A.B. asks: 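Quick one: structure below, then a few questions.
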Amino acid sequence: MSELAGRFRALHVPGTPLLLPNPWDAGSALVLASLGFAALATTSSGFAATLGRLDGTVSADEAIAHGGQVAVAVPVPVSADLENGFADDPDGVAQTVRRAAAAGLAGCSIEDWSGTQIYDPALAAERIAAAVSAAGGDIVITARAENYLHDHADLADTIERLQSFAAAGADVLYAPGVVDAGELATLVREVPRPVNVLALADAPGVAELADLGVARISVGGAFAFAALDALAVAGRELLEQGSYGFWTQAGSGRRQAGIAFGE
């Protein structure tokens, strides 16, 4: 693997999960890196929000440029959320992965959700095989099984999909939406690659996920939307109360920015 991808891959240790937060721009990435996170990953929903859009509306050009900007801004490996690879066919996925590697990213994730439906298992595996081939060792491939995010909570099918992705060469396996401890234990036991878990509100805590053998934990768009909520709270205070209590939080944030940005 390339040096950057090798560093990122080495951070995936089952039982000692990599905490992989998801910044939404270069500034938030710098803040998170300054806190001590060893790697970062972009979030499609969080990035879309910076453009005033909903998830699933960002183009390949926008996502790759964004990922590259985040990667350049921080000294730690960055993986990019590339949705379905911005293509249905394996060749299109491969082209997206090559572009991501050229942008300086250490990893990327590819979903088996087209935007309207879950891909047929055979095609989904072919798409991951194409991504792995295109990566050529220069970028870590995370293969995502999206069943649980799209009203198809079928653990057996999800595990079969992840197993096929592992056979296709994926480095990391990810089934966002699986949060039940028993199901996670089964999933981790049945697949032969490091497993990422999405830290939804009802997911087990970090220590429990470590005990289950999870290798990576990410937060998706949660931090981005928490920041938007803080903005809305401050805005409502000014509009409705005419007061400036938000300066307490703003002052703390300004100090953290100074640390992160090298003041």
Side-chain angles (χ1 to χ4, degrees), residues 1-2 5-6 8-9 12 41-45 55-64 67 79-103 105-178 183 186-198 215-216 218 220:
M1 283 192 166
S2 68
F8 185 47
R9 178 67 181 82
H12 294 75
T42 66
T43 159
S44 63
S45 62
D55 198 12
T57 61
V58 170
S59 70
D61 288 347
E62 290 171 326
I64 292 168
S79 185
D81 179 346
L82 296 183
E83 303 186 42
N84 71 331
F86 301 100
D88 294 319
D89 62 291
D91 287 344
V93 174
Q95 177 62 21
T96 298
V97 170
R98 284 191 286 267
R99 292 180 63 194
L105 288 155
C108 68
S109 61
I110 302 294
E111 304 172 3
D112 65 354
W113 167 254
S114 72
T116 58
Q117 63 183 352
I118 300 288
Y119 291 112
D120 173 82
L123 175 58
E126 289 173 12
R127 286 161 38 80
I128 297 303
V132 170
S133 178
D138 290 331
I139 188 167
V140 173
I141 300 297
T142 297
R144 295 178 45 151
E146 301 290 292
N147 278 339
Y148 278 65
L149 294 187
H150 299 287
D151 300 319
H152 187 61
D154 185 330
L155 184 64
D157 181 67
T158 297
I159 289 173
E160 288 179 6
R161 285 172 174 272
L162 294 178
Q163 289 171 337
S164 74
F165 299 161
D171 300 289
V172 181
L173 304 174
Y174 185 14
V178 180
E183 290 191 329
T186 300
L187 190 155
V188 170
R189 183 177 64 250
E190 294 296 327
V191 301
R193 294 287 189 275
V195 170
N196 183 92
V197 169
L198 177 61
R216 191 172 88 189
S218 55

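Computed from heavy atoms alone, side chains included, the values below leave out hydrogens, waters and symmetry copies. All figures in this text were calculated on a predicted structure; none of them were measured in a lab.
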A.B. asks: Would you say CG of Asp151 has more than 12 non-hydrogen atoms from neighbouring residues, nucleotides or ligands within 6.0 angstrom?
C.D. replies: no

A.B. asks: Going from CG on Leu82 to CD1 on Ile64, what distance comes out if it is rounded to the nearest 0.5 angstrom?
C.D. replies: 6.0 Å

A.B. asks: Calculate, to the nearest 0.5 Å, the distance between atoms CG and CG belonging to Asp157 and Leu162 respectively.
C.D. replies: 9.5 Å

A.B. asks: Who passes side-chain hydrogen bond (donor to acceptor under 3.5 Å, both in side chains) against Asn196, sequence neighbours left out?
C.D. replies: Arg216, Ser218

A.B. asks: How far apart are the closest heavy atoms of Ala130 and Ala94, and which atoms are they?
C.D. replies: O-CB, 3.8 Å

A.B. asks: Would you sort out whether Arg99 and Asp61 count as a salt bridge (Lys or Arg N to Asp or Glu O under 4.0 Å), showing the intermediate values?
C.D. replies: CA-CA 9 Å; Arg99 292 180 63 194; Asp61 288 347; 2.6 Å; yes

A.B. asks: Run the side chain to side chain contact (heavy atoms under 4.5 Å, CB included) test on Arg144 and Leu149 for me, step by step, so that the C-alpha distance in whole Å, both residues' side-chain angles and the decisive distance to 0.1 Å come before the verdict.
C.D. replies: CA-CA 11 Å; Arg144 295 178 45 151; Leu149 294 187; 4.1 Å; yes

A.B. asks: Between Asp55 and Ser44, do the side chains contain an N or O donor and an N or O acceptor separated by less than 3.5 Å?
C.D. replies: yes

A.B. asks: Nearest 0.5 Å please: distance from the CD1 atom of Ile159 over to the CD atom of Glu190.
C.D. replies: 5.5 Å

A.B. asks: At what distance, to the nearest 0.5 angstrom, does OG1 of Thr158 lie from NE2 of His152?
C.D. replies: 6.5 Å

A.B. asks: Tell me whether Arg127 forms a cation-pi arrangement with Tyr119, defined as NZ or CZ under 6.0 Å from the six-membered ring centre and within 45 degrees of its axis.
C.D. replies: yes

A.B. asks: Restricting to non-hydrogen atoms, name the atom on Ser164 and the atom on Ala125 that form the minimum distance, rounded to 0.1 Å.
C.D. replies: OG-CB, 3.9 Å

A.B. asks: Given side chain to side chain contact (heavy atoms under 4.5 Å, CB included), test Asp154 with Arg161 step by step and report yes or no.
C.D. replies: CA-CA 11 Å; Asp154 185 330; Arg161 285 172 174 272; over 6 Å; no

A.B. asks: On a heavy-atom basis, which atom in Leu198 and which in Pro176 lie closest, and how many Å separate them?
C.D. replies: CD2-CB, 4.0 Å

A.B. asks: Identify the two heavy atoms, one from Asn84 and one from Val93, that lie closest to each other, and give their separation to 0.1 Å.
C.D. replies: O-CG2, 3.8 Å

A.B. asks: Could I get the full list of ring pair (Phe, Tyr, Trp, His ring centres under 6.0 Å) partners for His150, not counting sequence neighbours?
C.D. replies: Trp113

A.B. asks: Let's go through Cys108 and Ile139 carefully: what are the C-alpha distance in whole Å and the side-chain angles of both, what is the deciding distance for side chain to side chain contact (heavy atoms under 4.5 Å, CB included) to 0.1 Å, and is it a yes or a no?
C.D. replies: CA-CA 7 Å; Cys108 68; Ile139 188 167; 4.1 Å; yes

A.B. asks: Kindly give the heavy-atom pair with the smallest separation between Ser114 and Asp88, and that separation in Å.
C.D. replies: CB-OD1, 3.9 Å

A.B. asks: Please report the closest heavy-atom contact between Ala131 and Val97, naming both atoms and the distance.
C.D. replies: O-CG1, 3.6 Å

A.B. asks: Quick one: CG on Leu123 to CD1 on Ile118, what's the gap to the nearest 0.5 Å?
C.D. replies: 12.0 Å

A.B. asks: Applying ring pair (Phe, Tyr, Trp, His ring centres under 6.0 Å), can you list everything that pairs with Phe8, at least two apart in sequence or on another chain?
C.D. replies: His12

A.B. asks: Evaluate Ile128 against Ile110 for side chain to side chain contact (heavy atoms under 4.5 Å, CB included), listing each step before the verdict.
C.D. replies: CA-CA 7 Å; Ile128 297 303; Ile110 302 294; 3.9 Å; yes

A.B. asks: Strictly distance-based, threshold 3.5 Å: is any side-chain N or O of Asp112 a donor or acceptor partner for the main-chain N or O of Glu146?
C.D. replies: yes

